[in-house]
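Written out below as structure tokens is the structure these notes cover.
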Amino acid sequence: MFESEQKEAEQQIYLYLKERDIPAPETFQWGNVPFEGEWGMSTSLFQTAALEARSGKRVNVPERAQEIAQELAAHIGKRRSFSRVEAVRGYLNLYFDTGEFSRKVIAKVLEQRRDFGKGVPKDEQVMVEFSQPNTHKAFHVGHLRSAILGDAVCRIMAFAGYDIVRANFFGDIGLHVIKWLWNYMNHHAGEKPPADTTRWMGDLYAEAIRRLEENPDLEEEVRELYARWDRRDPEVVALWQKTRQWSLDGFDDMYEILDIHFDRLYSNSDAEEMGKEIVSELIKKGIAEDLRPGGAVVVHIDDLLKLDKEKYRVLVALRSDGTALYATLDLALAKMKFAEYDLTKSIYVVDVRQTLHFQQAWKTLEIAGYEWAERCEHLSYELVNLPGNVVMASREGTVVLLEDLIREATARALEVVEEKNPSLMKEIKQSVAQTVGLGAIKYPMLARDNTKIVTFDWEAALDFNGQAAPYIQYAHVRANSILRRVHGLQPNPVAPSHDLEPAEVDLIERISQLPNEVQRAAEDRKTLHITNAAYELARSFNRFYKQCPVLDAPHEIRKFRLTLVAAARQAIANALNLLGIEAPPVM
RNA sequence: GCCCUGGUAGCUCAAUUUGGACAGAGCGAGGCUCUCCUAAAGCCUAGGUUGUGGGUUCGAAUCCCGCCCAGGGUACCA
């Protein structure tokens, strides 16, 4: 927003240094002055002083940096585009006219509304594949991270200017499905799924595992069923199709509650055949080694690349019995994606344990001559564990089901609404509880670095205070509650007539940062930048709310502050929207 | 063995484009603020040798090397 001022300042600095024969660094890095009540930009002179030191002069770098900064401050201080100029501990701080800055920021938000923070279209199509649940299994909190993270990354990247294709990849075949079918045929034949389908599917799967553990002899029956499936026995296929749909319908319900949608659905079963074709092709090209029937089909990637140290190791492309495994499918899936879309990137939101598998699959495709393979990117994230670093696993019984979490969170949220705002209408309370409960679930999955393990515990999940989604939602509600009382907002924001309070300047600064954070989050694929921005925005607003009366303020101040509140409400709503979290009007 | 990730306040996490201003929040602890736009809030206090030992640098949580701890991956699981 102040690029021209920055350029001019830089020119003046270079000129000044040149005149005095002081060696100048190639670039100056500009940052914001740590907030002290006014908005400004800042650069350090340490580099400049260090250059002098290296050129032979005996100088104390911090002292010299401060000296140069002082000289520059005196020099630049005469200019009018800065309201104030100072030198502090080796930093040159240039302060803007806060009034004009404020007006610019607010005007921009109120003009762009929902688009405030949006980047210019980049003309790049990017596919983001995420969630990838297995059919015939439960959907637990461990599965939630990919879904929530992937959704938010899509929202952020789309807002940043990418053309995003949202993809899902269902695990609808494999041993787990056969075990489920076996249990169903023998003990639940003809049963229809109840209302909470996904839980029931998961229960039947857990039951299958239990029966097989209690009586290992039954494994034989499962193998027979697998063989029937492989022959495409019509009865088995029909049952598979029907039950698979039950799972998919259950997932649909959950995605709807979570407000997550997909543009393109893939299934393991879609990729199976093409995967096998690619493997034959790899064998023909001499890339893969066919050790069947004694061994599997393998690719010695390190040898093919002539690497001395082991890096990609060995990819198993096909089982010795000729059946497909995960790697087989991934070869095909990548190809399908690039055949169908013109992608500059194909992102896979999958947990960190699969890093090597992806590198193997994509490197193999690269060796096979598919030049798009290098455009595949693994967005890896750490797991969601239970306290004590206990991994969630259906067969261990260490899972928290999504349905249970949503139910508990909304129930808890409803309790709080009843207590805080009993006069709300019943339906509104319900919807608030849903909004707050879901926000509280999503936020912790998004508010930490992708490389950090999320530890799920009920107490923290149901604590709506402090650094959490409800705090941000509440700030939005407060802004809304002020604006509800006025009719017709001043259409053209004007510069404030009063000296801005620190809380006002801080809030304006936070608002102005949102567009940068969107770009940064999109580039780094880090939702953390947006949760931080949203939280800081809410915090600034809450402080402003406490310190600066709006409706009771003198006329001119009131006019200005109303536009600021409207801008803040918009910025908070936009940030929450990027996270897939709703911004409620009341709560 | 080899590879990857993490280790920051009692707990959960940050740290502004990657080396710069006094390492910041929340929870928890102690205290304060509702005749005032929703107190799901705000304010104050206490709490740190950034796992550890070296190195590079004017300057290190951040870069390099060693070590310790935790987790993950490592040919037919996904």
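As the structure is a prediction and not an experimental result, all values here were calculated from the model.
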| remark: Between A:Pro470 and A:Asn134, whichever has its closest RNA chain B nucleotide further toward 5' is A:Pro470
| request: Give one of base, sugar-phosphate or nothing for A:Val352, where a contact means two heavy atoms less than 4.0 Å apart. | output: nothing
| query | Between atom CG in A:Leu329 and atom C1' in B:C77, what is the gap in whole Å? | reply | 13 Å
| said: Students often get this wrong, so: under 4.0 angstrom with heavy atoms, is A:Val297 touching a base, only sugar-phosphate, or nothing? | reply: nothing
| request: Give the rounded distance in Å between these two atoms: CG of A:Asn385 and P of B:U5. | output: 19 Å
| task | Kindly point out which of B:G6, B:A41, B:A14 is positioned nearest to the side chain of A:Asn465? | result | B:A41
| remark: Residues at least two apart in sequence or cross-chain that pass ring pair (Phe, Tyr, Trp, His ring centres under 6.0 Å) with A:Phe130, listed by chain then number, are A:Phe262
| task | Whole angstrom is fine here: how far is it from CE in A:Met587 over to C1' in B:A39? | result | 12 Å
| Roughly how many Å is it from NZ in A:Lys546 to C1' in B:C34, rounded to a whole number? | 7 Å
| query | Should the pair A:Trp362 and A:His378 be assigned to parallel (<30°), tilted (30 to 60°) or perpendicular (>60°) ring geometry? | reply | perpendicular
| request: Verify the contact: side-chain N or O of A:Arg478 to OP1 or OP2 of B:A39, cut-off strictly under 4.0 Å; return yes or no. | output: yes
| Side chains of A:Asp506 and A:Ser540: donor-acceptor distance under 3.5 Å anywhere? | yes
| Syn or anti for B:C34, with syn set at within 90° of 0? | syn
| 5′-ward residue of the pair A:Gly171/A:Gln467 relative to RNA chain B | A:Gln467
| query | How should the glycosidic conformation of B:U18 be described, syn or anti, under the criterion that syn lies within 90° of 0? | reply | syn
| remark: Quick note, A:Asp524 side chain, CB onward, closest among B:U18, B:C2, B:A39 is B:U18
| query | NA contact type, A:Glu536, heavy-atom cut-off 4.0 Å: base, sugar-phosphate, or nothing? | reply | nothing
| For RNA chain B, what residues of residues 318-328 of chain A have any heavy atom nearer than 4.0 Å? | A:Arg319, A:Ser320, A:Leu325, A:Tyr326
| note | Checking B:C43, B:A21, B:A14 against the side chain of A:Arg543 (C-beta onward), the nearest is B:C43
| Is the closest side-chain donor-acceptor distance between A:Arg478 and A:Asn542 under 3.5 Å? | yes
| Quick one: is A:Lys311 getting a side-chain N or O under 4.0 Å of the B:U74 phosphate, OP1 or OP2? | no
| A:Leu528, nearest nucleotide to its side chain (from B:A15, B:A41, B:G1) | B:A15
| request: Figure out the CD1/P separation between A:Ile301 and B:C2, and round it to whole Å. | output: 21 Å
| request: For nucleotides B:C63 and B:U50, find the distance between their C1' atoms and express it as a whole number of Å. | output: 16 Å
| task | With A:Leu282 as reference, evaluate A:Val297, A:Leu331, A:Asp290 under the side-chain contact (heavy atoms from CB on, under 4.5 Å) test and give the passing residue. | result | A:Leu331
| message | So A:Tyr535, base contact, sugar-phosphate only, or nothing? Heavy-atom distance under 4.0 Å. | response | sugar-phosphate
| task | Classify the side-chain pair A:Asn385/A:Thr455 by whether it contains a donor and acceptor separated by less than 3.5 Å. | result | no
| task | Using a 4.0 Å heavy-atom cut-off across all strands, classify A:Val417 as base, sugar-phosphate, or nothing. | result | base
| message | Starting the side chain at C-beta, find the nucleotide from B:A14, B:U5, B:A70 nearest to A:Thr451. | response | B:U5
| said: Checking A:Ser267 against A:Arg244: is there a side-chain donor and acceptor pair closer than 3.5 Å? | reply: yes
| message | Can you confirm whether more than 12 heavy atoms, excluding those of A:Asp321, are under 6.0 Å from its CG atom? | response | yes
| query | Once you round it to whole Å, what is the distance between P of B:A40 and CG of A:Asn480? | reply | 16 Å
| Parallel, tilted or perpendicular for A:Tyr535 and A:Tyr471, by the 30°/60° rule? | tilted
| message | Give me the distance, rounded to whole Å, that separates B:G6 from B:U16 when you measure between the P atoms they each carry. | response | 15 Å
| request: Using a cut-off of strictly less than 4.0 Å, decide whether A:Tyr312 has a side-chain nitrogen or oxygen near OP1 or OP2 of B:U74. | output: no
| request: Using a heavy-atom cut-off of under 4.0 Å over every strand shown, decide if A:Arg485 touches base, sugar-phosphate, or nothing. | output: sugar-phosphate
| query | When you check the side-chain N and O atoms of A:Tyr348 and A:Gln354, is any donor under 3.5 Å from an acceptor? | reply | no
| request: Rounded off to whole Å, could you give me the CG-to-C1' distance for the A:Asn421 and B:A41 pair? | output: 14 Å
| request: Mind running side-chain contact (heavy atoms from CB on, under 4.5 Å) on A:Asn450 and A:Lys526 for me, showing each step along the way? | output: CA-CA 7 Å; A:Asn450 299 337; A:Lys526 282 185 181 178; 4.2 Å; yes
| query | Side chain of A:Lys420: nearest nucleotide among B:C76, B:A39, B:A21? | reply | B:A39
| field | Side-chain N,O (A:Arg448) to OP1/OP2 (B:A14) below 4.0 Å | value | no
| request: Determine whether more than 12 heavy atoms belonging to other residues, nucleotides or ligands lie under 6.0 Å from atom NZ of A:Lys122. | output: yes
| query | What stems involve RNA chain B, if each pair must be Watson-Crick or G-U and both of its distances must be under 3.5 Å, with 3 or more such pairs in a row? | reply | B:1-7 with B:68-74, B:10-13 with B:24-27, B:29-33 with B:41-45, B:51-55 with B:63-67
| Which part of the nucleic acid, if any, lies within contact of A:His300, taking any heavy atom under 4.0 Å across all strands shown: a base, the sugar-phosphate backbone alone, or nothing? | base
| Closest listed nucleotide, where the reference is the side chain of A:Val314 and the choices are B:A75, B:A41, B:G6 | B:A75
| message | When you measure from the side-chain N and O atoms of A:Tyr471 to the phosphate of B:A39, is any distance below 4.0 Å, counting only OP1 and OP2? | response | no
| said: I want to verify a distance call: between B:A14, B:A70, B:G42, whose nearest atom is closest to the A:Lys452 side chain? | reply: B:A14
| said: Would you say that more than 12 heavy atoms from the other residues, nucleotides or ligands in this model lie under 6.0 Å from the CD of A:Glu582, or not? | reply: no
| query | When you measure from the side chain of A:Val432, which nucleotide among B:C76, B:A40, B:U74 comes out closest? | reply | B:A40
| query | Over how many whole Å does the gap from A:Ile453 atom CD1 to B:G73 atom P extend? | reply | 11 Å
| request: Please measure how far the P atom in B:G71 lies from the corresponding atom in B:C27, and state the result in whole Å. | output: 30 Å
| task | Check every atom of B:A40, B:C13, B:C37 against the side chain of A:Ile482 and return the nucleotide holding the closest atom. | result | B:C37
